[in-house]
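Only heavy atoms go into these numbers, but all of them, side chains included; no hydrogens, no water, no symmetry mates.
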Amino acid sequence: MRLKGKHIIWSVVLLVIGFFITFSYQYTFHDPKVIQLSEQDWEKGFNYRQQLIQIEEKNRKLRHQIDDYRSQINQLEKTLGEQEETIGDFVEQKRELQMITGELPIKGSGVAITLSDANYIPSEQNANQYIVHDRHIQLLINELYSAGAKAIAINGQRIFSDSYVNCVGPVISVDGNQYPAPFTVEAIGDEETLRTSLELTNGVVDLLVNDNIEVTLKNEDNLTMDAKLS
């Protein structure tokens, strides 16, 4: 009976050991959590990874293109800003030219020269030698333009490139409008330059004085001349 009892115990022990060995084997080589992928599944996974890589590469290129476009936009904005400034300069130059040509009114500082007949005429026979003639005014206008005058007016009437000045008896006609002496010629421009040009030795003022014309010259801070009528 003792021998049989030992056999039974050993049998139980061996049975338990065998059970554990069998369980361990099945758990190791037949774990239900381990997913066995087929060749088709591996191929699909590989294709997905390749597509993902291609998408990332496209995104990288797109980011570079966006950066390039931003740079181009910044350059265009800068160019447009410079063009706006240039256009603004052109507009201002055009405006200045229109004022000079008489298409627009003009204001500014300058000089005013008044030419008067001589107060004393010694001989009536030679009276013509003591009054202002159109040639005196034309001489003055030419000198003013040469000195940089932007606009000139005679007795308040602005003259233009096609204006004409001539004598009509004792008066001066400016574009058909007659004015008696004295005659005030106004010029818009740099005051110092205009005065210096007129007052040169043997210059215009000296010539006028030698022709018995009384000359008064003064600076003007605020001269206004109208535009040419259409």
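Note: Lys58 NZ to Lys61 NZ = 9.0 Å, rounded to the nearest 0.5 Å. We find the CD-CG distance between Glu92 and Leu97 to be 10.0 Å, quoted to the nearest 0.5 Å. Taking CG of Leu140 as the reference point, atom CD1 of Ile213 lies at 11.5 Å (rounded to 0.5 Å). If you take CD1 on Ile53 and CD on Gln50, they are separated by 4.5 Å, rounding to the nearest 0.5 Å.
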List, one per line, each side-chain donor-acceptor pair under 3.5 Å for residues 198-210, sequence neighbours excluded.
{"from": "Glu199", "atom 1": "OE2", "to": "Arg195", "atom 2": "NH2", "distance (Å)": "3.1"}
{"from": "Asp206", "atom 1": "OD2", "to": "Asn202", "atom 2": "N", "distance (Å)": "2.7"}
{"from": "Asn210", "atom 1": "ND2", "to": "Asp206", "atom 2": "O", "distance (Å)": "3.1"}

With a cut-off of 3.5 Å and sequence neighbours excluded, list every side-chain donor-acceptor pair involving residues 147-160.
{"from": "Asn155", "atom 1": "OD1", "to": "Thr184", "atom 2": "N", "distance (Å)": "2.7"}
{"from": "Gln157", "atom 1": "OE1", "to": "Asn177", "atom 2": "ND2", "distance (Å)": "2.9"}
{"from": "Gln157", "atom 1": "OE1", "to": "Tyr179", "atom 2": "OH", "distance (Å)": "2.4"}
{"from": "Gln157", "atom 1": "NE2", "to": "Val174", "atom 2": "O", "distance (Å)": "3.1"}
{"from": "Arg158", "atom 1": "NH1", "to": "Leu104", "atom 2": "O", "distance (Å)": "3.3"}
{"from": "Arg158", "atom 1": "NH1", "to": "Asp226", "atom 2": "O", "distance (Å)": "3.0"}
{"from": "Arg158", "atom 1": "NH2", "to": "Met99", "atom 2": "O", "distance (Å)": "2.3"}
{"from": "Arg158", "atom 1": "NH2", "to": "Ile100", "atom 2": "O", "distance (Å)": "3.4"}

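A single hydrophobic cluster is seen to contain both Leu115 and Val111, as judged by linkage of ILVMFWY side chains at heavy-atom distances under 4.5 Å, directly or through other members. With hydrophobic clusters built from ILVMFWY side chains whose heavy atoms lie under 4.5 angstrom apart, Leu194 shares a cluster with Ile137. Under the 4.5 Å side-chain heavy-atom criterion for ILVMFWY residues, no single connected hydrophobic cluster contains both Val165 and Val168.
Residues passing the side-chain hydrogen bond (donor to acceptor under 3.5 Å, both in side chains) test with Arg49, sequence neighbours excluded: none. Here Thr224 pairs with Lys107, Asn222 under the side-chain contact (heavy atoms from CB on, under 4.5 Å) rule; sequence neighbours left out. With sequence neighbours excluded, the residues satisfying side-chain contact (heavy atoms from CB on, under 4.5 Å) with Pro180 are Val171. Annotation: side-chain hydrogen bond (donor to acceptor under 3.5 Å, both in side chains) contacts of Glu56 (sequence neighbours excluded): none. Checked against side-chain contact (heavy atoms from CB on, under 4.5 Å), Ser109 has the following partners two or more places apart in sequence or in another chain: Glu191. Taking Ser173 as the reference, nothing meets the side-chain hydrogen bond (donor to acceptor under 3.5 Å, both in side chains) condition, with sequence neighbours excluded. Considering only residues two or more places apart in sequence or on other chains, Gln51 meets the side-chain contact (heavy atoms from CB on, under 4.5 Å) condition with Tyr48.
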Are Asp68 and Gln72 close enough, and set up right, to give a side-chain hydrogen bond (donor to acceptor under 3.5 Å, both in side chains), and what steps lead you there?
CA-CA 6 Å; Asp68 290 340; Gln72 292 176 18; 6.0 Å; no
Verify salt bridge (Lys or Arg N to Asp or Glu O under 4.0 Å) between Asp175 and Lys228, making sure each step is shown before the conclusion.
CA-CA 12 Å; Asp175 294 337; Lys228 186 176 183 179; over 6 Å; no
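For the pairing with Leu144, the side chain to side chain contact (heavy atoms under 4.5 Å, CB included) check across Leu139, Ile113, Ile188 returns one residue only, Ile113.
Annotation for Tyr164: hydrophobic cluster partners, listed by chain and number, are none (ILVMFWY side-chain heavy atoms under 4.5 Å, direct or chained). When hydrophobic residues (I, L, V, M, F, W, Y) are linked wherever their side-chain heavy atoms come within less than 4.5 Å, Ile55 remains an isolated member.
Without hydrogens or angle criteria, Ser71 side chain to Asp67 main chain gives no donor-acceptor distance under 3.5 Å.
Side-chain contact between Ser116 and Thr114 is present, with heavy atoms from C-beta onward closer than 4.5 Å.
The local environment of CD in Glu57 is crowded, with over 12 non-hydrogen atoms from other residues, nucleotides or ligands closer than 6.0 Å. In the displayed structure, Arg70 atom CZ is contacted under 6.0 Å by at most 12 heavy atoms of other residues, nucleotides or ligands.
With no hydrogens or angles considered, a side-chain donor-acceptor pair links Asn142 and Gln138 at under 3.5 Å.
Closest heavy-atom contact between Cys167 and Asp134: SG-N, 3.1 Å. Taking every heavy atom of both residues into account, Glu214 and Asp117 meet most closely at CD-O, 4.0 Å.
Every pair passing ring pair (Phe, Tyr, Trp, His ring centres under 6.0 Å) that includes a residue from residues 133-157 is listed here, sequence neighbours excluded: His133-His136.
Using a 4.0 Å cut-off between a side-chain N of Lys or Arg and a carboxylate O of Asp or Glu, Asp211 and Arg135 qualify as a salt bridge.
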